[in-house]
Structures are given as C-alpha cells and as structure tokens.
Amino acid sequence: MQYTAHYDSPFGSMTLASDGTALVGLWFDGQKYFAATLEEEHKQKSLPIFQETCRWLDLYFSGKKPDFLPPLAPKATPFRQKVWDILLSIPYGETITYGEIARRIGMEKAAHAVGGAVAHNPISVIVPCHRVVGTSGSLTGYADGIDKKVQLLTLEGVDITQFFMP
C-alpha cells in the first residue's frame, strides 16, 4: 500500500508518496509524468516520512541547503537508478549536462537515454533533476516546465543569465 500527503511550496502544490517508510514520489501537481509511479490504490495518511520530507522542503524553499535526506526508495530500472544516483551527487547550486551524466555512467553516447531517465525522476526537487542542463548549456526540459526550473535554480543561487547568453 502506498500513502500520500500534500505540501504547499512557494512554487506550487506538491504531492508526496510513500511506501510507509521511505519517499517513493514527490511531484509538483499537474507536472508531466505526475504520479506515474503512484499505485492506483493509495490513501492519504500522516506519516513520519512525510514530516521529515516537509522539513527538508521547508529548509530548501527558505533558501537553505538541507543537510540531510529523507529515506528515498524510487522504483526504477538499474539504468534509471544509476542516473538518479548521479543526480543526488550534484551539489546544491551547481549544474551538470546530460552528456556528463552519460560519461559518468560509462555510456558516453547515451545522453538521450539519460534525458529520458531524468525526465521520469519520480522525486522532484530532492533528486535534483532541475540541475541538469543541455550540452550547450541551455535550459532544456523539466517535467514542470522551464519556468519552474528557473525558479529552483535561482533559489539555489545559480546565475541563470549564463543559460540565456548567445
């Protein structure tokens, strides 16, 4: 059984999902692939994992770098898990390209596949897919739109003007 809760962020309402002990999903409501990994049968419930996740989100959205991670258990293929593990290693306030992720997993020609894995990340913000940019440094793709990606990067202190330079 999976459980859900809601969080009101400054950038929009979010839905959290858990297996009862770990976070399995975190989406901005209405984003592309919203609740794609959420079981059809689920119920809303107050859980310690949701309290811990909300504490992380409160810190993050107040402009602070959280110094902990709530327990995470996204369901994925081994390839997607490798990509999401790399996402978790991207430092707060920094970006990386799809190509660099492909190189790190030893599949240099797999940038497109990496893009698919990043797009299907079920734990937005905490698994920071918003920190991934195109090889040319462009702000490509984000499941909840480029505007939200810009807001998140700006919150982290990233100079986004570098992404709009010709």
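From a predicted model like this one, the values you see are computed outputs, not experimental measurements. The chain is numbered in sequence order, starting from 1.
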**Q** So, using side-chain contact (heavy atoms from CB on, under 4.5 Å) as the criterion, who are the partners of Lys64 when residues are at least two apart?
**A**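 With neighbours one apart ignored, the set is Leu59, Ser62.
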
**Q** Could you list the donor-acceptor pairs under 3.5 angstrom formed by side chains in residues 117-133, with sequence neighbours left out?
**A**
{"from": "His120", "atom 1": "ND1", "to": "Gly116", "atom 2": "O", "distance (Å)": "2.8"}
{"from": "Asn121", "atom 1": "OD1", "to": "Ile123", "atom 2": "N", "distance (Å)": "2.9"}
{"from": "Asn121", "atom 1": "ND2", "to": "Ile123", "atom 2": "O", "distance (Å)": "3.4"}
{"from": "Asn121", "atom 1": "ND2", "to": "Val127", "atom 2": "O", "distance (Å)": "2.7"}
{"from": "Ser124", "atom 1": "OG", "to": "Leu26", "atom 2": "O", "distance (Å)": "3.4"}
{"from": "Ser124", "atom 1": "OG", "to": "Gln31", "atom 2": "OE1", "distance (Å)": "3.4"}
{"from": "His130", "atom 1": "NE2", "to": "Tyr60", "atom 2": "OH", "distance (Å)": "3.4"}
{"from": "His130", "atom 1": "NE2", "to": "Glu156", "atom 2": "OE2", "distance (Å)": "2.6"}
{"from": "Arg131", "atom 1": "NE", "to": "Glu156", "atom 2": "OE1", "distance (Å)": "2.8"}
{"from": "Arg131", "atom 1": "NE", "to": "Glu156", "atom 2": "OE2", "distance (Å)": "3.3"}
{"from": "Arg131", "atom 1": "NH1", "to": "Ile90", "atom 2": "O", "distance (Å)": "2.7"}
{"from": "Arg131", "atom 1": "NH2", "to": "Glu156", "atom 2": "OE1", "distance (Å)": "3.3"}
{"from": "Arg131", "atom 1": "NH2", "to": "Glu156", "atom 2": "OE2", "distance (Å)": "3.1"}

**Q** Look up atom OG1 in Thr53 and atom CG in Leu23, then write down how far apart they are to the nearest 0.5 Å.
**A** 4.5 Å

**Q** Cut-off 3.5 Å, no hydrogens considered: what does the side-chain donor-acceptor table look like for residues 41-51, sequence neighbours left out?
**A**
{"from": "His42", "atom 1": "ND1", "to": "Glu39", "atom 2": "O", "distance (Å)": "2.8"}
{"from": "His42", "atom 1": "ND1", "to": "Glu40", "atom 2": "O", "distance (Å)": "3.3"}

**Q** Quick test of your reading: applying ring-ring contact (aromatic ring centres under 6.0 Å, His included), list the pairs with at least one residue in residues 69-93, sequence neighbours left out, ordered by first then second residue.
**A**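 Of all non-adjacent pairs touching residues 69-93, none passes ring-ring contact (aromatic ring centres under 6.0 Å, His included).
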
**Q** Measuring from atom OG of Ser18 to atom OH of Tyr3, what distance do you get when rounded to the nearest 0.5 angstrom?
**A**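 Ser18 atom OG to Tyr3 atom OH measures 8.5 Å (nearest 0.5 Å).
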
**Q** Who pairs with Arg103 by side-chain hydrogen bond (donor to acceptor under 3.5 Å, both in side chains), at least two apart in sequence or on another chain?
**A** Glu100

**Q** Look up atom CG in Asp159 and atom CG in Leu153, then write down how far apart they are to the nearest 0.5 Å.
**A**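 Going from CG on Asp159 over to CG on Leu153, the span is 10.5 Å.
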
**Q** Under the side-chain hydrogen bond (donor to acceptor under 3.5 Å, both in side chains) rule, collect the residues that match up with Arg80, sequence neighbours excluded.
**A** none

**Q** Is the backbone N or O of Phe68 less than 3.5 Å from a side-chain atom of Trp56, with the two atoms forming a donor-acceptor pair by type?
**A**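 Between the backbone of Phe68 and the side chain of Trp56 there is a qualifying donor-acceptor contact (under 3.5 Å).
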
**Q** The criterion is side-chain contact (heavy atoms from CB on, under 4.5 Å); which residues satisfy it with Ala111, sequence neighbours excluded?
**A**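 Here the qualifying residues are Tyr98.
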
**Q** Taking side-chain contact (heavy atoms from CB on, under 4.5 Å) as the test, write out the residues that go with Lys148, two or more places apart.
**A**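 Result, side-chain contact (heavy atoms from CB on, under 4.5 Å) vs Lys148: Phe11, Phe28, Tyr142, Asp144, Gln151, Leu152.
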
**Q** Within the structure provided, determine whether Phe61 and Tyr7 are in side-chain contact (heavy-atom separation under 4.5 Å).
**A** yes

**Q** side-chain hydrogen bond (donor to acceptor under 3.5 Å, both in side chains) with Glu108: which residues, sequence neighbours excluded?
**A**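 For Glu108 there are no side-chain hydrogen bond (donor to acceptor under 3.5 Å, both in side chains) partners, ignoring immediate neighbours.
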
**Q** Nearest 0.5 angstrom please: Leu57 CG to Glu52 CD, how far?
**A** 11.0 Å

**Q** Could you check whether any side-chain heavy atom of Ile105 comes within less than 4.5 Å of a side-chain heavy atom of Val114, counting everything from C-beta outward?
**A**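 Side chain of Ile105 against side chain of Val114, heavy atoms only: contact under 4.5 Å found.
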
**Q** Quick one: list whatever passes side-chain contact (heavy atoms from CB on, under 4.5 Å) with Thr21, sequence neighbours left out.
**A** Asp19

**Q** Do Gln2 and Val24 have side chains that get closer than 4.5 Å, going by heavy atoms?
**A**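 Answer yes - side chains close enough.
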
**Q** For Thr4, which residues count as a side-chain hydrogen bond (donor to acceptor under 3.5 Å, both in side chains) partner, sequence neighbours excluded?
**A**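 Listed in chain order: nothing, the list is empty.
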
